[in-house]
Amino acid sequence: MSRWTASGIHLLISVGIALLFVTLMLLIWYPQPYFRASGADQLLTILIGVDVVIGPLLTLVVFKSGKKTLKFDLGVIGFLQIAALVYGASIVWQARPVFLVFAVDRFVLVAANELSDEDLSQAELPQFKSLSWTGPRVVGTKRPTTIQERNQLLFSSVFEQKDIDRMPKYYIPFEEQDGDLHNRVIPLDKLLSRDAGTRDLITRALHKAGREKDQVGYLPLLARKFYMAMLVDKTSGVPLSAVHVDPW
C-alpha cells in the first residue's frame, strides 16, 4: 500500500467520524437556529481541522510500507486524533445552549458553561436544577420581590456581568410568564420595512411557522455570537423562530 492510499483511507475514516459528530451537534446539542448563534460553527471548524486534516497529513508523512515502527506511529496519530476529538467535544458540550430565557424585554440564550452547580441548586423547581441534553428549554423569569434581592440583582448585573437570565432561582415555567412579554412584543412591520433580504427571511420564517404576519411580533434574542430577532405568537407569546436579523 502506498502512503497516498493509506492517507486517503485515513481521510475517509476521519470524514465519517466528523459527519457523525456534526450530526450529533446539529440534531441534539445545537438545534437550529442556535448553531451559529452560539458560536459552535467556529468550534466545529477547529475540531474538524484537527480531525480531518492533520491526521491524514501525518499519515502521509510517516507511512512507509514495511516500516518497523509503522504500527506504533499510526497508533500515536490515532491516539492524538482521539484525544483532540474528545477534548473538542467536551468544549462543544460545555458550550451547548440549555435555556432560552425570557427576561424583562428580550430572550437570552444561556449556555451550559454559564451556569454553575450552585446556580442550579438554587432553582425552586426541579426541572430547572439540571441542564438540558437536547437543546434549550424555554423559561420565563420572575422579578425579585424584596429590596435586598433587587439590590443584589443590580449589583450582580453591574459588577459581575451576571443578570437574571443566568439565575435559575428566578426561573418559572414559560406559560406562567406575566403580561410583560405581551407588552414588550415589537410589531413585525419594523422588520418588514427594511431591505428585501430581511423581508425574505421573515416571510420564510412565517411560512415555516404557519402564521400570518398580523399574528406575529418579535423580541430581541441575545446569544453568544449574534443578536437575532425571535418571532413570537402575539396571542400566546410562544417563541416561534429565531431569524438572523438585527432586532434593534
Side-chain angles (χ1 to χ4, degrees), residues 19 22-49 92 95-114 132 134-141 157 161-166 174-175 177-248:
L19 288 176
V22 170
T23 301
L24 175 67
M25 285 183 62
L26 293 179
L27 296 183
I28 301 179
W29 297 351
Y30 291 84
Q32 293 292 5
Y34 306 121
F35 180 67
R36 287 188 62 215
S38 300
D41 54 336
Q42 293 180 339
L43 293 174
L44 184 62
T45 299
I46 296 172
L47 188 59
I48 290 179
V92 171
R96 75 192 188 279
V98 291
F99 288 109
L100 179 63
V101 184
F102 173 72
V104 185
D105 62 351
R106 64 196 63 187
F107 284 95
V108 182
L109 193 62
V110 178
N113 56 12
E114 293 180 307
S132 170
T134 56
R137 300 176 184 141
V138 184
V139 301
T141 53
S157 62
Q161 300 298 304
K162 183 176 181 179
D163 213 334
I164 194 171
D165 51 86
R166 285 186 283 150
F174 183 76
E175 59 271 16
Q177 186 67 51
D178 59 27
D180 273 359
L181 189 150
H182 294 86
N183 296 332
R184 300 284 188 174
V185 171
I186 305 170
L188 204 56
D189 288 339
K190 183 175 180 179
L191 295 181
L192 292 172
S193 64
R194 296 183 185 174
D195 58 273
T198 299
R199 289 194 298 272
D200 182 58
L201 288 174
I202 298 299
T203 300
R204 281 187 282 158
L206 290 173
H207 178 73
K208 185 176 180 179
R211 299 292 202 284
E212 299 295 330
K213 68 175 184 177
D214 58 350
Q215 299 176 307
V216 177
Y218 77 96
L219 288 167
L221 167 61
L222 277 62
R224 175 170 294 176
K225 189 176 179 182
F226 294 111
Y227 291 125
M228 304 170 68
M230 176 62 77
L231 304 187
V232 300
D233 185 283
K234 282 184 177 180
T235 302
S236 65
V238 172
L240 302 172
S241 177
V243 184
H244 286 280
V245 298
D246 186 347
W248 310 109

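What you see below is based on every heavy atom in this structure, not just the backbone, and it leaves out hydrogens, waters and symmetry mates.
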Picking from Val98, Val92, Thr134, what satisfies side-chain contact (heavy atoms from CB on, under 4.5 Å) with Trp29? Val92
Given 3.5 Å as the limit, does a donor-acceptor pair link the side chain of Arg194 with the main chain of Asp246, or not? yes
For the atom pair OG1 (Thr23) and CD1 (Ile28), what is the distance rounded to the nearest 0.5 Å? 9.5 Å
What's the verdict on side-chain contact (heavy atoms from CB on, under 4.5 Å) for Leu221 and Leu100, showing C-alpha distance, side-chain angles and the deciding distance? CA-CA 9 Å; Leu221 167 61; Leu100 179 63; 3.5 Å; yes
For Thr203 and Asp200: C-alpha separation, side-chain torsions, deciding distance, then whether side chain to side chain donor-acceptor pair (under 3.5 Å) applies. CA-CA 5 Å; Thr203 300; Asp200 182 58; 5.9 Å; no
How many angstroms lie between atom CG of Leu201 and atom OG of Ser241, to the nearest 0.5 angstrom? 10.0 Å
Between Ala103 and Ile164, which heavy-atom pair has the shortest distance, and what is it? CB-CG2, 3.8 Å
CA sep, side-chain torsions, deciding dist, call: Lys234, Gln215, side-chain contact (heavy atoms from CB on, under 4.5 Å): CA-CA 6 Å; Lys234 282 184 177 180; Gln215 299 176 307; 5.9 Å; no
Polar side-chain atom of Asp195 near backbone of Gly197 as donor-acceptor pair, under 3.5 Å: yes
When you look at CD of Glu175, are more than 12 heavy atoms from neighbouring residues, nucleotides or ligands closer to it than 6.0 Å? yes
Hey, could you give me the CG/CG distance between Asp214 and Leu206, rounded to the nearest 0.5 Å? 9.5 Å
Got a donor-acceptor contact below 3.5 angstrom from the Tyr30 side chain to the Arg96 backbone? yes
When rounded to the nearest 0.5 Å, the distance separating CZ of Arg106 from CG of Leu222 is 5.5 Å
Identify the heavy atoms of Phe102 and Thr141 that sit nearest to each other, and give their distance. O-OG1, 2.9 Å
Rounded at 0.5 Å granularity, tell me how far CG in Leu231 sits from CG in Leu191. 7.5 Å
Among Leu109, Val108, Val110, Asp165, which one satisfies side-chain contact (heavy atoms from CB on, under 4.5 Å) with Phe99? Val110
Rounded to the nearest 0.5 Å, how far does CZ of Arg199 lie from CZ of Arg204? 13.5 Å
Chi angles and distances behind the side-chain contact (heavy atoms from CB on, under 4.5 Å) call for Val243, Tyr218: CA-CA 10 Å; Val243 184; Tyr218 77 96; over 6 Å; no
In the structure I gave you, are the side-chain heavy atoms of Pro220 and Ile186 within less than 4.5 Å of one another anywhere? yes
Close side-chain approach of Arg184 and Val104, heavy atoms under 4.5 Å: yes
Where is the tightest heavy-atom contact between Arg211 and Leu240, given as atom of each residue plus distance? NH2-CD2, 3.7 Å
For atom NZ of Lys213, is the number of surrounding heavy atoms from other residues, nucleotides or ligands below 6.0 Å larger than 12? no
